[in-house]
Amino acid sequence: MYGGGYIFSEPSDKDQKDHIDDPVKLQEFEARIDAGEKIEPHDWMPFEYRKQLIRLIEQHAHSEVIGALPEGTWITRAPGFKRKLVLIAKVQDEMGHAQLLYSAAETLGKSREAMINDLLSGKSKYSNVFNYPAKTWADVTVIGFLIDAAAIVNQVANAKGSYGPYCRALERICYEESFHLKQGHDAFIALAVGTKAQKDMLQDALNRWWRPIIHFFGPSDKASVHGEKLMRWKVKMASNDDMRNQFLDMYVPKILELGITIPDPNLKKNESTGRWEFSDPDWNEFKRVINGDGPCNAERLAVRKFAEESNRWVRNALLKQTMKQTIPYA
Amino acid sequence: MESVKDLILRMADDALIIGHRNSEWTGIGPMLEEDISFSSMAQDKIGHAQALYNILHEQFNMEVPDFIAFRRNASDFKSCQFVELPIGDYAFTLVRHYLFDHAESFRYNYLSNSTFLPLKSLATKFKGEIKYHTLHADIWMKSLTLNGNEESKLRIQSAVDELLPYAMGMFELGNYESDLIDNGIFVGELALQNKWHSFITESLNSFNIKVPVIKEGEIKLGGRRGYHLTELENLINEMTEVIRTDYTTEW
């Protein structure tokens, strides 16, 4: 999946404030980006570029790992062979994406181990949507259809960014995600055209997921502090609002044509501006959840901690004194 | 052809239940690569179960695979208790995977010469997949024994000690052994067990793992006759949680 909105660290970070990049190298770097060149792991790059890219790719990787949990718990309960086999393959893909993304982030100098430690300590974030519970089978179809769809909008944009290893990982990820979207849509349709109980279950799931979906692309750009430089460096490729608008353009009709309603009476497209208008999705809730106080934050991290701690002996057994950490070339 | 039906049902149920257990590792493995491996093997196993149930449907007029898998009571299952055990720690899962997949490998090797053609052709296909399952098991067994540390060796040894009596239950004789053997359908559980046992003895010894001697009465039998662990009932309840709310609709 999953990407999600851009959540960059604030520029007031101490170590960053004191760092001054070589102005000549910075100019050359920016010229390369303007010329559409990709930046590769051993090229010179500004301190903040490296730092924000690590943050971005790491958050994306964590989102894949944590995102596997709400759907993963439904693998054993999936109704029938077809749904079960597809769901295992889908969640397996997400874990594979995490593997690709951690490798891409490692090329910037942070080890997978360090990234996972930061995930477990709560220092680094992941996509907010996975802090909500997947209560019923219908939630799995909403995630597979709409969260994956939202992630594709985000990832297709990021795939055109400036950092080579991340772009290459995203290209492959996007191919796989387009299958995920198809399976999600197929399972969503099965419920939408099914029995009354199935439709009710789907409507209930969409009602609960709609706000997290609106939150998915992050706060409105008006509220975003330092997007401009990151846009120029092609780290951030599209504004949160533009991506959300593109998503609504593509998927609102697909939901409505199935007779499912969207739980926002104010949702409508303003034809003169081309922008979707919607009720205030309560950005304070978004902030609360991302800072650890959502319905499932503790549970998600507890599962991850359990996986890390109960299996530590396996990784320890593989460690060899003679082995050295090497940075992969992606 | 009750004999073939019974044989296929046993194999399919084993595959479905071990596939279910393998799939429980998705998201919580010791490293991402293992999540991916176990998910991959789970897909293969569940796919094998579906294909085997499909033979029962097409050749023996039984219900469709979804019906056979998701609408029976635990007592109607023919799986061995070995596959029903919960996943335990990674050593437990790995040793079960190793013991099970080497048996599968020999089983489908024999069946690729079966006189029952639908099974022969499936077995030929499955063999190619199971090759990767045993390869995976062997690499990890070696990594956690010969190339591991004291703790990992101890964990593997203790999983072998605990699991072997259950593993031998895989070869519980069916009611139609002589019919299967006489008609060239399958070599029979006894021959399979002997082949498997000599292989794993040599292989485990090469990993410096001792193979406990299991007495006749210690083997965990009964699964093939419908006597299961309570864990199977729990597993089936979980597996059917969604579908049993309405068996008549499409999901």
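Chain identifiers are assigned alphabetically (A, B, ...) following the order of the sequence lines, protein sequences preceding nucleic acid strands; residue numbering begins at 1 within each chain. Bear in mind the structure is a predicted one, so any value in this text is a computation, not a measurement.
We find that Glu176(A) and Arg172(A) are joined by a salt bridge, their nearest charged nitrogen and carboxylate oxygen being less than 4.0 Å apart. Remark: Asp76(B) does not engage Arg71(B) in a salt bridge, criterion side-chain N to carboxylate O under 4.0 Å. A salt bridge links Arg72(B) to Asp13(B): one of the charged nitrogens lies within less than 4.0 Å of a carboxylate oxygen.
With Ser111(A) contributing its side chain and Ala114(A) its backbone, the two residues share a donor-acceptor pair below 3.5 Å. Using modelled atom types, no side-chain atom of Asp186(A) and backbone atom of Lys182(A) make a donor-acceptor pair closer than 3.5 Å. Using a distance-only test at 3.5 Å, with no hydrogens or angles considered, no donor-acceptor pair links the side chain of His48(B) to the main chain of Gln43(B).
Note on Ala69(B), Ala42(B), Pro65(B): by heavy-atom pairs under 4.5 Å with chain A, the leading option is Pro65(B). Listed options Ser40(B), Gly148(B), Gly19(B), Ser37(B) were ranked by heavy-atom pairs under 4.5 angstrom with chain A; first place goes to Ser40(B). Ranked by non-hydrogen atom pairs under 4.5 Å with chain A, the options Gly47(B), Ser143(B), Gly29(B) are led by Gly29(B). Of the listed residues Arg244(B), Met239(B), Arg155(B), Glu150(B), the one with more heavy-atom pairs under 4.5 angstrom with chain A than any other is Arg155(B). Of the listed residues (Arg83(A), Gln198(A), Arg315(A)), the one with the most heavy-atom contacts under 4.5 Å to chain B is Gln198(A). When the candidates Gly80(A), Ala190(A), Gly72(A), Ala89(A) are compared by the number of heavy-atom contacts under 4.5 Å with chain B, Gly80(A) comes out ahead. Heavy-atom pairs under 4.5 Å with chain A peak, among Thr26(B), Ile46(B), Leu235(B), Asn237(B), at Ile46(B).
Only the side chain of Leu69(A) comes within contact range of chain B, with at least one heavy atom under 4.5 Å from a heavy atom of that chain. Both the backbone and the side chain of Arg77(A) come within less than 4.5 Å of a heavy atom of chain B. Using a 4.5 Å cut-off between heavy atoms, Ala197(A) makes no contact with chain B at all. For Gln99(A), the parts lying near chain B are the backbone and the side chain together; criterion is any non-hydrogen pair under 4.5 Å.
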Steps toward salt bridge (charged side-chain N to carboxylate O under 4.0 Å, His left out) verdict (Asp14(B), Arg10(B)): CA-CA 6 Å; Asp14(B) 275 1; Arg10(B) 280 186 274 158; over 6 Å; no
Residues Phe145(A), His180(A); criterion ring pair (Phe, Tyr, Trp, His ring centres under 6.0 Å); working and verdict: CA-CA 7 Å; Phe145(A) 176 33; His180(A) 298 179; over 10 Å; no
Test salt bridge (charged side-chain N to carboxylate O under 4.0 Å, His left out) applied to Glu64(A) and Lys90(A), step by step: CA-CA 11 Å; Glu64(A) 303 280 359; Lys90(A) 194 258 185 184; over 6 Å; no
Arg208(A) vs Asp139(A), salt bridge (charged side-chain N to carboxylate O under 4.0 Å, His left out): CA-CA, chis, key distance, verdict: CA-CA 9 Å; Arg208(A) 285 181 288 106; Asp139(A) 292 46; 2.8 Å; yes
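Remark: aromatic rings of His102(B) and Tyr98(B) are close, center separation under 6.0 Å. You'll find the ring centres of Phe67(B) and Tyr53(B) outside the 6.0 Å limit.
Contact annotation for residues 306-314 of chain A against chain B (heavy-atom separation below 4.5 Å, listed by residue number): Ala307(A), Asn311(A), Trp313(A), Val314(A). For residues 77-94 of chain B, heavy-atom neighbours of chain A at less than 4.5 Å comprise Asp89(B), Tyr90(B), Ala91(B), sorted by residue number.
If you take CG on Asp66(B) and CD1 on Ile243(B), they are separated by 5.0 Å, rounding to the nearest 0.5 Å.
Tyr166(A) is listed as a side-chain neighbour of His60(A), based on a closest heavy-atom distance under 4.5 Å.
Among the candidates Lys45(B), His136(B), Arg96(B), the single residue satisfying the side-chain hydrogen bond (donor to acceptor under 3.5 Å, both in side chains) test with Asp101(B) is Lys45(B).
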